[in-house]
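Worksheet for the structure shown next.
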Number of protein chains: 2
Amino acid sequence: MENTQQKIELLMRCIKALTNETSRNPSKYVCYKLSRVMRKVHRYYEGNLSQYGITPSQFYVLSAVWEKDGLKFKELAKSLEMDGSTLTSILDRLERLELVERRNDPEDRRSLLVFLTEQAKQQISEMAHLAEKLDQEIKERFTEEEFATFERVLEKLSLD
Amino acid sequence: MENTQQKIELLMRCIKALTNETSRNPSKYVCYKLSRVMRKVHRYYEGNLSQYGITPSQFYVLSAVWEKDGLKFKELAKSLEMDGSTLTSILDRLERLELVERRNDPEDRRSLLVFLTEQAKQQISEMAHLAEKLDQEIKERFTEEEFATFERVLEKLSLD
DNA sequence: ATAAATTTATTGGTGCACAAACAATTGAGG
DNA sequence: CCTCAATTGTTTGTGCACCAATAAATTTAT
């Protein structure tokens with residue numbers, strides 16, 4: 001009887017530990033989990049993209065410009081949900097790498113338009129291919145349904 | 001007949017757009033989705049934790065020290081999977097805020113031990129309570145099974 | 001038409017995140 | 001011992017990410 005009681009207590013402690021209900025460890029927080037995983041995946045992309053001399057964030061910007069060449073700075077920032085000042089600094093680096101070009105908007109002198117350089121146009125599809133491969137590697141580790149749920153939750157969280 | 005053909009083409013384009021198979025938009029990449037959501041959730045935590053004058057990362061460090069007071073710098077960095085130099089700068093700020101204290105390790109003069117201050121001990125449980133509330137708000141938006149799958153995928157990604 | 005409000009991109013400042021170089025200390029092998 | 005290798009934490013440098021303040025241009029209101 002006592003033995004049973006002890007077993008029950010042990011099991012309850014296990015459950016609490018597993019569900020992190022009373023733990024003080026930060027790994028119980030959604031935000032912490034997200035940032036940890038994001039950093040890990042980011043480093044993985046980073047290590048692979050480094051052969052092109054660019055970072056993941058720079059790659060996202062290039063992809064967005066690739067999708068719509070010559071779009072406005074403002075639209076670019078909006079589509080990437082990125083603060084304008086962050087985009088400014090990324091464009092500075094991409095321009096120094098001669099992958100991107102800023103041109104004046106003939107219709108609004110406050111605004112500016114962003115274009116890929118010829119060099120970037122030649123490289124970007126190869127970069128995208130690499131990124132897709134990395135994605136595939138990640139997805140392979142899960143069932144389709146599992147990963148679909150994962151992405152659905154991400155999608156829902158990115159709204160609001 | 002032609003009409004049917006057109007419909008099929010339209011539907012196929014829809015499916016491609018939905019599955020992002022051929023899209024150049026960066027939002028198709030797992031890494032991009034992760035970082036976007038992470039930033040969003042991070043900002044949400046940040047806005048709430050700001051009443052205590054700390055950032056999410058600082059909160060994670062405080063929580064980890066709260067869990068095990070006086071642990072070694074090295075162990076702390078390892079448990080948070082955080083680069084040593086990052087932890088150094090966070091501890092600098094937490095020490096300036098008088099929430100944390102660095103002490104020499106009597107057993108190894110290279111090593112140092114990290115402690116919460118009295119002030120931090122008084123505040124940390126309230127902070128943790130807030131963070132749990134924020135987590136709860138996020139989880140409420142999904143079914144239990146959905147979120148469990150989400151966390152399981154995160155967990156699996158954070159390994160290896 | 002002109003002053004005021006709004007929009008657009010940049011700058012400056014803070015706080016991560018990480019790699020590389022470094023100084024101090026400890027451990028191991030000769 | 002004593003040198004050489006390994007470990008520990010900090011510093012330095014780069015790249016985001018975001019806020020607040022700014023300057024230039026445009027729009028609105030009067």
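Given the structure is predicted, the values throughout are model-derived calculations rather than measurements. First the proteins, then the strands, lettered A, B, ... as listed; each starts at 1.
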Do A:S89 and D:dA17 have a side chain to base donor-acceptor pair shorter than 3.5 Å?
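Under the 3.5 Å cut-off, the side chain and the base do not form any donor-acceptor pair.
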Indicate, yes or no, whether a donor-acceptor pair under 3.5 Å links the base of C:dC16 to the side chain of B:T55.
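It does not, because no donor-acceptor pair links the side chain of B:T55 to the base of C:dC16 below 3.5 Å.
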Relative to each other, are the rings of A:Y60 and B:Y32 parallel, tilted or perpendicular (30° and 60° limits)?
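Perpendicular.
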Among the candidates [options], find the nucleotide nearest to the side-chain atoms of [X].
X	options	answer
A:R39	C:dC16, C:dC18, C:dT10	C:dC18
B:R110	D:dA6, D:dC16, C:dA17	D:dA6
A:S111	C:dT8, C:dC16, D:dC16	C:dT8
B:D108	C:dT25, D:dG9, C:dA17	C:dT25
A:Q58	D:dC16, C:dG15, D:dG9	D:dC16

Can you see whether B:F73 has B:R102 sitting over its ring - NZ or CZ less than 6.0 Å from the centre and within 45° of the normal?
no
Expressed in angstrom and rounded to an integer, what is the separation of [X] atom [atom1] from [N] atom [atom2]?
X	N	atom1	atom2	result
A:E81	D:dC16	CD	C1'	16 Å
B:H42	D:dA17	NE2	P	11 Å
A:D83	C:dT7	CG	C1'	15 Å
B:F73	C:dT25	CZ	C1'	16 Å
A:L76	C:dT10	CG	P	11 Å
A:E107	C:dT7	CD	C1'	16 Å
B:L112	C:dT26	CG	P	13 Å
A:R43	C:dA17	CZ	C1'	9 Å

Which is true for [X] with a 4.0 Å heavy-atom rule: it touches a base, it touches only sugar-phosphate, or it touches nothing?
X	answer
A:T86	base
A:S85	base
A:R36	nothing

Report yes if at least one side-chain N or O of [X] is closer than 4.0 Å to OP1 or OP2 of [N]; otherwise report no.
X	N	value
A:T88	C:dA9	no
B:R93	C:dG15	yes
A:R102	C:dA9	no

For B:Q58, does its backbone N or O pair with a side-chain atom of B:R93 as donor and acceptor, under 3.5 Å?
no
Option from A:I90, A:I124, A:L97 for which side-chain contact (heavy atoms from CB on, under 4.5 Å) with A:L62 holds
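In the set A:I90, A:I124, A:L97, the residue that makes a side-chain contact (heavy atoms from CB on, under 4.5 Å) with A:L62 is A:I124.
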Heavy-atom neighbours of B:E107 CD exceed 12 at 6.0 Å:
no
Counting only heavy atoms not in A:E98 (residues, nucleotides, ligands), do more than 12 fall under 6.0 Å from its CD?
no
